[in-house]
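Lettering follows sequence order; numbering is per chain, from 1.
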Protein chains: 2
Amino acid sequence: MAKKRTAPRTEKGINTRQAIFDTAIALFAKRGYDKVTIDDICDKVGVTKGAFYNYFESKDQIILEEFMRMDDHYVKVAHDIADLKSSAEKLRVFNREAVKLMADLGVTMMKVVYHSQIAPNMRRPYLMDGRRSLYKITNELIKEGQEKGEIRDDIASEEMAVMLINCFRGQIYHWCLANGSFDLVGTCDTLFDLIMDRLTPR
Amino acid sequence: MAKKRTAPRTEKGINTRQAIFDTAIALFAKRGYDKVTIDDICDKVGVTKGAFYNYFESKDQIILEEFMRMDDHYVKVAHDIADLKSSAEKLRVFNREAVKLMADLGVTMMKVVYHSQIAPNMRRPYLMDGRRSLYKITNELIKEGQEKGEIRDDIASEEMAVMLINCFRGQIYHWCLANGSFDLVGTCDTLFDLIMDRLTPR
DNA sequence: CCATATAACATACCCAAGTATGATACCAAG
DNA sequence: CTTGGTATCATACTTGGGTATGTTATATGG
């Protein structure tokens with residue numbers, strides 16, 4: 001068991017995989033994720049399910065792959081804010097930009113991500129993978145702030161990072177439930193102010 | 001369209017509905033939600049799918065119905081803490097007990113709830129229904145605190161309640177992803193302290 | 001007391017995700 | 001050059017949630 005879904009080796013394979021991915025993303029954007037079947041995608045590409053499942057382990061894996069590219073953006077943002085004065089301010093801006101990225105991805109995609117990640121058969125969810133840049137950067141910013149005395153250090157930076165991220169994830173989850181009917185970035189800004197003032201030592 | 005799924009009218013109907021519900025809960029507990037098919041449930045009860053879908057609109061509706069009973073507990077908790085001195089303290093205890101209730105429900109059930117509520121075809125998710133006792137009580141406690149000057153009032157109580165609940169929901173979501181492998185109540189306690197100190201006016 | 005509506009199911013079916021398996025083509029080693 | 005392994009797909013199937021529709025029993029109003 002445990003299918004071997006390796007990356008494509010041949011030129012043809014690479015093209016096929018990419019075609020499936022691109023077509024899927026395009027169809028999702030046009031008709032909505034749940035209105036597109038895997039057969040729809042395969043028909044348009046000109047292959048069959050056999051090809052699809054040779055490269056992707058499920059339908060939502062396509063969305064997740066798109067979502068995973070977010071990590072590159074996080075790194076970029078982290079680089080852009082490197083010259084800000086205070087660590088607390090870095091954290092604020094980083095968080096704001098991260099939330100903006102989610103908002104830009106859109107409700108539909110975020111729904112699929114949050115839906116599939118908590119599915120019963122999910123083994124090791126990507127969302128809580130500690131190797132993600134989101135966690136690493138948040139952790140480093142907090143640790144940096146703690147060392148500079150800008151952020152209280154009675155809680156481990158790792159623990160604080162996870163807690164903080166979870167808070168915002170809760171807002172995004174709610175934003176998905178509400179079909180994006182409120183200003184996510186504004187809400188998260190407000191929340192950040194609320195929490196951040198207390199993260200700093202008295 | 002829009003099937004009429006009304007409550008049972010006859011004695012027989014009431015019994016059947018209850019038998020389906022009880023059997024489903026029992027099977028879920030024994031074999032796990034995703035290892036139990038609707039046909040399994042019906043077989044054990046001795047009815048067919050027709051009966052099932054006459055009373056429930058989906059499989060996870062069973063879990064949700066169990067989850068909805070939580071509202072009664074919220075009310076009970078709210079009653080129990082009525083004689084606490086400060087509103088902030090009431091809020092703290094209420095929150096703590098609410099999180100405990102979730103932890104008691106268990107990872108499996110909470111997973112199903114959070115999974116199904118964000119499903120693509122979900123219209124009006126119960127989780128964000130403003131009529132839930134969770135929202136009403138949290139809102140009232142905050143408003144009470146604001147009036148007594150214990151909680152800052154530069155943010156509307158309704159908005160603050162939703163934000164607060166979402167923060168904890170994020171922790172619970174993460175707890176589900178982690179398959180309950182950390183102390184949810186402890187984490188939420190820590191988080192509450194973090195946020196709450198800042199909710200109070202300077 | 002009879003007509004009619006509808007609750008309470010059963011039967012048969014659809015749909016789409018995912019699987020099992022098989023065919024072909026290609027590459028690499030002997 | 002040939003043989004074996006494997007990447008790349010196609011075909012056919014399974015599975016399970018959900019639907020459409022039909023049949024029967026029962027409650028209710030005239």
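The CD1-P distance, from A/Ile20 to C/dA17, rounds to 14 Å in whole Å. Between B/Phe52 atom CZ and D/dG16 atom C1' the separation is 12 Å, expressed in whole Å. Between A/Arg17 atom CZ and D/dT8 atom P there is a gap of 11 Å when expressed in whole angstrom units. Going from atom CG of A/Asn54 over to atom P of C/dC26 covers 16 Å, rounded to whole Å. Rounded to whole angstrom, the span from the OH atom of B/Tyr33 across to the P atom of D/dG16 amounts to 13 Å. Rounding to whole angstrom units, CG of residue B/Asp60 and P of D/dG17 are separated by 10 Å. The distance from atom NZ of A/Lys49 to atom P of D/dC9 is 17 Å, rounded to the nearest whole Å. Look at CD1 on A/Ile62: it is 11 Å from P on C/dG18, rounded to the nearest Å.
Salt-bridge check for A/Glu65 with A/Arg17: passed, with a basic side-chain N closer than 4.0 Å to an acidic carboxylate O. Salt bridge A/Lys90/A/Glu97: absent, no basic N to carboxylate O contact under 4.0 Å.
Of the candidate nucleotides C/dA10, C/dA17, D/dG17, C/dA17 has the atom nearest to the side chain of A/Lys59. Distances were taken from every side-chain heavy atom of A/Tyr55 (C-beta onward) to each of D/dG17, D/dT8, C/dG18; the shortest belongs to D/dT8. In the set D/dG18, D/dG17, C/dC9, D/dG17 carries the atom at the smallest distance from any side-chain atom of B/Thr37. For A/Thr48, the side-chain atoms get nearest to D/dT11 when compared with the rest of C/dA10, D/dT11, D/dG18.
For DNA chain C, the stems formed by at least three consecutive Watson-Crick or G-U pairs, with both atom-pair distances below 3.5 Å, span C:1-30 with D:1-30.
By the side-chain contact (heavy atoms from CB on, under 4.5 Å) test, A/Ser157 is found to be paired with A/Asn139, A/Ile142, A/Lys143, A/Gln146, residues two or more places apart in sequence or in another chain being considered. Residues meeting the side-chain contact (heavy atoms from CB on, under 4.5 Å) test with B/Asn179, sequence neighbours left out: B/Val107, B/Lys111.
If you check every strand for non-hydrogen atoms under 4.0 Å, A/Val36 touches sugar and phosphate atoms only.
Taking for each of A/Gly50 and A/Ile38 the nucleotide of DNA chain C with the nearest heavy atom, the 5'-most of the two is the partner of A/Ile38.
Distances shown here put every side-chain N or O of A/Tyr53 at or beyond 4.0 Å from the OP1 or OP2 atom of D/dT8.
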Check: Which is it for B/Asp40 and B/Lys35 under the salt bridge (charged side-chain N to carboxylate O under 4.0 Å, His left out) test, yes or no, and what are the steps along the way?
Finding: CA-CA 9 Å; B/Asp40 287 342; B/Lys35 297 293 178 194; over 6 Å; no
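Tested against B/Gln18 for a side-chain hydrogen bond (donor to acceptor under 3.5 Å, both in side chains), the candidates B/Asp22, B/Thr16, B/Asn15 yield a single pass: B/Asp22.
A distance of 10.0 Å separates CD of B/Glu150 from CG of B/Leu91, quoted to the nearest 0.5 Å.
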